[in-house]
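So that the names make sense, note that chain A is the first sequence line, chain B the second, and so on, each numbered from 1.
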There are 2 protein chains.
Amino acid sequence: MVRQLYPLVSADVALFSVTDDRLQVLLVRREQEPAAGLWALPGAILQPQGDADLEVTARRALREKISVEVPYLAQLRTFAGAARDPRGWSLSVLHCALLPRDQVQAVVRSSVDRVQWCDADAPGERLAFDHAQQILWARTALRQRIQDHALPLHLMPERFTLTQLQRVCEAILSPGPAQRFRLDKGAFRRRFAKSPDIVEVPGAFEHGAQRPAQLFQVAPGFRF
Amino acid sequence: MVRQLYPLVSADVALFSVTDDRLQVLLVRREQEPAAGLWALPGAILQPQGDADLEVTARRALREKISVEVPYLAQLRTFAGAARDPRGWSLSVLHCALLPRDQVQAVVRSSVDRVQWCDADAPGERLAFDHAQQILWARTALRQRIQDHALPLHLMPERFTLTQLQRVCEAILSPGPAQRFRLDKGAFRRRFAKSPDIVEVPGAFEHGAQRPAQLFQVAPGFRF
């Protein structure tokens with residue numbers, strides 16, 4: 001056996017979206033060994049010559065694998081050890097990214113045979129490496145963070161109603177496929193009515209079965 | 001310049017303790033280049049041949065540098081990039097560890113000339129690499145976690161009073177050296193009286209200037 005002096009370093013990305021009120025995570029089919037044919041999180045091997053830091057590596061993974069640029073990307077945790085990859089000692093820095101709803105379909109259309117959105121609570125059993133564990137970890141971290149931060153705004157299209165925003169928050173907070181988390185509508189609206197992160201789009205409404213609903217957008221000063 | 005194919009991987013540890021009601025972090029003086037003579041977090045270079053994972057590397061760092069075994073160690077965040085270490089592309093996986101109060105003095109006595117406990121909010125300016133940034137990050141994460149978890153118990157000696165426990169929580173929650181965070185004594189006692197994590201030591205009291213104070217210890221089933 002070859003004496004291994006350096007670990008393999010990669011950045012992997014759990015890319016989340018909300019479709020049909022369900023939190024979903026993106027998987028790509030691996031084309032090369034190891035784990036060829038299995039589904040995995042999009043990732044890339046660190047290139048010390050070209051990547052200034054690991055966020056650059058993570059964004060490169062999304063560009064190369066699914067041609068996407070995301071507004072929100074954050075490092076979550078590093079998974080490392082001698083046993084997680086058959087190539088040897090490896091280190092995967094897991095990132096979390098959020099994709100606005102109006103870009104979800106475009107990702108699938110671009111490469112439908114090797115990309116799938118799947119339920120974030122049930123990503124399947126045939127995943128490469130420790131990616132099932134990574135998805136569980138990312139799912140839990142996302143649920144914890146959503147309560148404190150303006151994170152859900154990163155999942156919204158450019159214009160949205162408060163009901164749509166509430167549905168996205170509920171999808172993230174739901175503990176699993178079987179149970180649906182319900183937020184109190186009045187309390188939710190009071191919270192976001194006070195929020196400096198979103199503003200009404202003057203005179204813009206969505207017209208559906210109900211009475212017209214005010215459309216909102218992210219406030220100009222909102223920091224992504 | 002040598003073409004760098006692999007990053008340098010290390011595990012660094014922010015080891016916290018509470019002394020005199022102040023949250024402190026341990027620094028060691030670097031003996032070798034780069035940054036020889038500067039203060040730094042204790043850390044170790046990953047050894048793929050011997051370390052099963054990064055927690056092993058982090059615990060090895062504490063053993064080698066300050067001869068300590070800690071009950072609580074958790075990964076916080078990975079700092080990485082081409083610019084943070086003069087040796088080239090490097091990656092430091094920051095861990096947080098907590099040292100019980102009765103072991104603090106032993107650490108300093110063992111190697112007083114190259115080890116110091118310093119104020120976690122003011123670790124000084126002459127720190128190696130990005131370690132000042134790492135300490136700030138660890139300090140913030142610790143403050144956030146203390147509110148939800150049983151973390152402060154890891155900082156207590158084997159037996160302690162509720163007043164001592166409250167002082168430790170206040171030290172962690174304090175936003176900086178100038179401001180002292182105060183917890184409501186009644187609410188604090190009600191919260192921990194209901195906690196399954198600590199139990200009274202039957203018939204054991206601390207005798208001081210005030211009336212005798214009941215001593216507590218961590219409950220037998222408490223998971224470190």
Side-chain angles (χ1 to χ4, degrees), chain A residues 1-13 43-61 73-96 129-130 133-134 137-138 140-141 143-145 147-149, chain B residues 1-13 43-61 73-96 129-130 133-134 137-138 140-141 143-145 147-149:
Chain A
M1 181 171 168
V2 178
R3 185 174 150 84
Q4 187 187 7
L5 290 174
Y6 300 98
L8 185 72
V9 174
S10 65
D12 291 310
V13 185
I45 304 279
L46 168 68
Q47 294 177 352
Q49 300 300 311
D51 300 341
D53 55 36
L54 287 167
E55 182 176 329
V56 171
T57 314
R59 291 190 178 277
R60 183 164 56 75
L73 181 88
Q75 184 197 116
L76 286 185
R77 185 182 177 77
T78 296
F79 294 76
R84 58 176 296 281
D85 189 308
R87 285 168 287 188
W89 224 104
S90 69
L91 191 148
S92 158
V93 183
L94 172 64
H95 291 71
C96 167
F129 313 119
D130 54 2
Q133 184 192 355
Q134 292 201 21
W137 216 95
T140 304
R143 194 182 295 135
Q144 287 171 347
R145 291 184 184 196
Q147 315 230 31
D148 303 326
H149 301 288
Chain B
M1 183 172 164
V2 177
R3 184 174 150 84
Q4 186 187 10
L5 290 173
Y6 301 98
L8 185 73
V9 175
S10 64
D12 291 310
V13 185
I45 303 280
L46 169 68
Q47 294 176 353
Q49 300 300 309
D51 300 341
D53 56 36
L54 288 168
E55 182 175 329
V56 172
T57 314
R59 290 189 178 277
R60 184 164 57 74
L73 182 89
Q75 185 198 115
L76 285 185
R77 184 182 178 77
T78 295
F79 294 76
R84 59 175 296 282
D85 188 310
R87 286 168 286 188
W89 223 104
S90 69
L91 190 149
S92 158
V93 183
L94 172 64
H95 291 71
C96 168
F129 312 119
D130 53 3
Q133 185 193 356
Q134 293 201 21
W137 215 94
T140 304
R143 195 182 295 138
Q144 287 171 346
R145 290 183 184 194
Q147 316 229 30
D148 304 326
H149 301 290

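Using cut-offs of 30° and 60° on the angle between ring planes, the pair A:Trp137 and A:Phe79 is perpendicular.
Ranked by heavy-atom pairs under 4.5 Å with chain A, the list B:Ala83, B:Pro7, B:Gly88, B:Ala82 is led by B:Pro7. The choice from A:Leu8, A:Leu54, A:Leu76 that makes the most heavy-atom pairs within less than 4.5 Å of chain B is A:Leu54. Ranked by heavy-atom pairs under 4.5 Å with chain B, the list A:Thr78, A:Val56, A:Asp53 is led by A:Thr78.
Side chains of A:Gln47 and A:Asp51: a donor-acceptor N/O pair is absent below 3.5 angstrom, by distance only.
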Checklist entry - Please walk me through it: do A:Gln133 and A:Arg84 pass side-chain contact (heavy atoms from CB on, under 4.5 Å)? => result CA-CA 11 Å; A:Gln133 184 192 355; A:Arg84 58 176 296 281; over 6 Å; no
Next on the checklist: side-chain contact (heavy atoms from CB on, under 4.5 Å) for B:Phe129 and B:Asp12? Distances and angles first, verdict last.
Outcome noted: CA-CA 11 Å; B:Phe129 312 119; B:Asp12 291 310; over 6 Å; no
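The part of A:Leu91 that comes within reach of chain B is its side chain, from C-beta onward, which places non-hydrogen atoms under 4.5 angstrom from that chain. Looking at B:Ala80, the atoms closer than 4.5 Å to chain A (heavy atoms on both sides) sit in the backbone and in the side chain alike.
Scanning all heavy atoms of the two residues, the minimum distance from B:Gly43 to B:Ala61 falls at C-CB, 3.5 Å.
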